[in-house]
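Let me begin by presenting the structure, written as structure tokens, before commenting on it.
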Amino acid sequence: MIIKPRTRGFICLTSHPEGTLQNIKNQIDYVKSKGKIKNGPKKVLVIGASTGFGIASRITAAFGSDAATIGVFFEKPAAEGKPGTAGWYNSAAFEKEAHASGLYAKSINGDAFSDEIKKQTIDLIKKDLGQIDLVVYSLASPRRTHPKTGVNYASVLKPIGQPFTNKTVDFHTGVVSDITINPVDNDEDIQNTIAVMGGEDWKFWMEDLKEAGVLAEGVKTVAYSYIGPELTYPIYRNGTIGKAKDDLEATVTTINKLLKDLNGISYVSVNKALVTQSSSAIPVVPLYISLLYKVMKQKGIHEGCIEQMQRLFAESLYSGEKISLDEKGRIRIDDLEMREDVQKEVAALWEQATTQVKKYWQIQLLHHKEDIAFKSISKSKWEDQKLAGDTLKSVQRT
Ligand code: NAI
Ligand code: NA
């Protein structure tokens, strides 16, 4: 199966749900409020640029550092009365705001795993920017068609070795129950997951960009990883997805060799757990995230994607100082999530978690506009939900 690349411009700006535009504006305002990032990136490619950490990276580069940005993503525009996907509206809103501020911003909508989209992106860089100085790799996908062999890979989210039983929340109903996830019974599922979410495609991008001569001297590239607490190890870090993250992290060495003669460098940043389309698909993890949010908010240290990315750029990638890395060479902006007091309180809440969490979880959904509850939401529905959210909030306070 080859996915047809689509590169149409954004049409009909007036039909965007207002909530999406407001969400993008809020992220822009946040980045502006933190001041300019000194010596920040100037010409940036973001792969996986439409939602989650990707759109936040793009906003940080553009509004924190006046960067020209090219975003690559895979989203559906509105068609025949059907609303488009959240990432489509995000990107339209971003471009609108970027252009209004006199910033270059263009997007390519199509399969980033394909050679065709890589080529289109390179052509656009050559035509408009010449060379780029930062490549953000923020793809998250359940499947990948290999560009050289045509093989379709599907990732699986499973433990390895033993079955894993723990609590999970049904994201639609808010009901908490036990779930048992059987482990993979063959190595193929592990290899397939690595093929989708491991480092090969990041490497392919960097190889193609380098060969085309579009990487600037001193280029940086960063991809995102996750570790999380022991309670999710069986399903995340020690599971199939964790093997893919191991592979992604190991790719840093390969890319560093590739970029050596350009004095370029690659990083993996370990980010905080956040509600996005991809994290919501993992069993057990969403319940952990809802408890984590609760604890971090109480402590006044909650961060969303934009706070994380602004901190990554300003205090790490472009701090002008030596970047501090963990023993495995990774940037750690999951430091607040992993703090001992935070994890202790989450673990205590985990023990107590029942459907009581339901109310809290629903509020989270209503207040985190990036999450999947807001996918394809119409304006009136949005307002209904916002009202419901305010009601729930007052219930929670009493
Ligand atoms: P997301 O689902 O919000 O964003 C994924 C992006 O990839 C979107 O822009 C989507 O359009 C794009 N995409 C997917 N398939 C594509 C394809 N075939 N071609 C072109 N674009 C495609 O994901 P999120 O959560 O922002 O994840 C980004 C990275 O951050 C992933 O590597 C993830 O593992 C990592 N991460 C996520 C955490 C979380 O809790 N959400 C925590 C730490 C790291
Ligand atoms: Na992303």
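Order of listing sets the numbers, starting from 1, for every ligand and every atom in it.
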State whether the shortest distance between N or O atoms of [X] and N or O atoms of ligand 1 falls below 3.5 angstrom.
X      : value
Asn271 : no
Phe74  : yes
Glu75  : yes
Phe53  : yes
Ala112 : yes
Gly110 : yes
Ser50  : yes

So, does [X] sit close enough to ligand 1 that a heavy atom of it is under 4.0 Å from the ligand?
X      : value
Ala49  : yes
Cys305 : no
Lys245 : yes
Arg143 : no

(message) Centre-to-centre under 6.0 Å for Phe94 and His99, is that the case here?
(response) no
(message) Could you work out, with ring pair (Phe, Tyr, Trp, His ring centres under 6.0 Å) as the rule, every residue matching Tyr226, not counting sequence neighbours?
(response) Tyr236
(request) Pick out which of Asn166, Ile235, Thr168 makes a side-chain contact (heavy atoms from CB on, under 4.5 Å) with Ile179. (result) Thr168
(request) Could you tell me which non-hydrogen atom of Val252 sits nearest to which non-hydrogen atom of Ser266, and how far apart they are? (result)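 Minimum heavy-atom contact is O-OG, 3.1 Å.
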(message) A side-chain contact here means heavy atoms from C-beta on lying under 4.5 Å apart; do Phe74 and Leu139 qualify?
(response) no
(request) Tell me, yes or no, whether the heavy-atom count around Gln298 atom CD, taken from other residues, nucleotides or ligands under 6.0 Å, exceeds 12. (result)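 Correct, the count exceeds 12.
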(request) Check each atom of ligand 1 against the heavy atoms of Ser138 and keep those under 4.0 Å away; list them by number with element. (result) 5 (C), 6 (C), 7 (O), 28 (C), 29 (C)
(request) Check each atom of ligand 1 against the heavy atoms of Asp111 and keep those under 4.0 Å away; list them by number with element. (result)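 Going through ligand 1 atom by atom, the ones under 4.0 Å from Asp111 are 17 (C), 18 (N), 19 (N).
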(message) Given Thr51, Ile241, Leu274, Ile55, identify the one with the heavy atom nearest to atom 40 (O) of ligand 1.
(response) Leu274
(request) Mind checking whether Ala223 contacts ligand 1 via backbone (N, CA, C, O), side chain (CB onward), both or neither, at a 4.0 Å heavy-atom cut-off? (result) neither
(request) Could you tell me whether a side-chain N or O of Ser269 sits under 3.5 Å from a main-chain N or O of Asn271, the two making a donor and an acceptor? (result) no
(request) Name all residues meeting the side-chain contact (heavy atoms from CB on, under 4.5 Å) criterion together with Lys243; count only those two or more places apart in sequence or in a different chain, and write none if there are none. (result) Ile160, Ile190, Ile194, Asp246
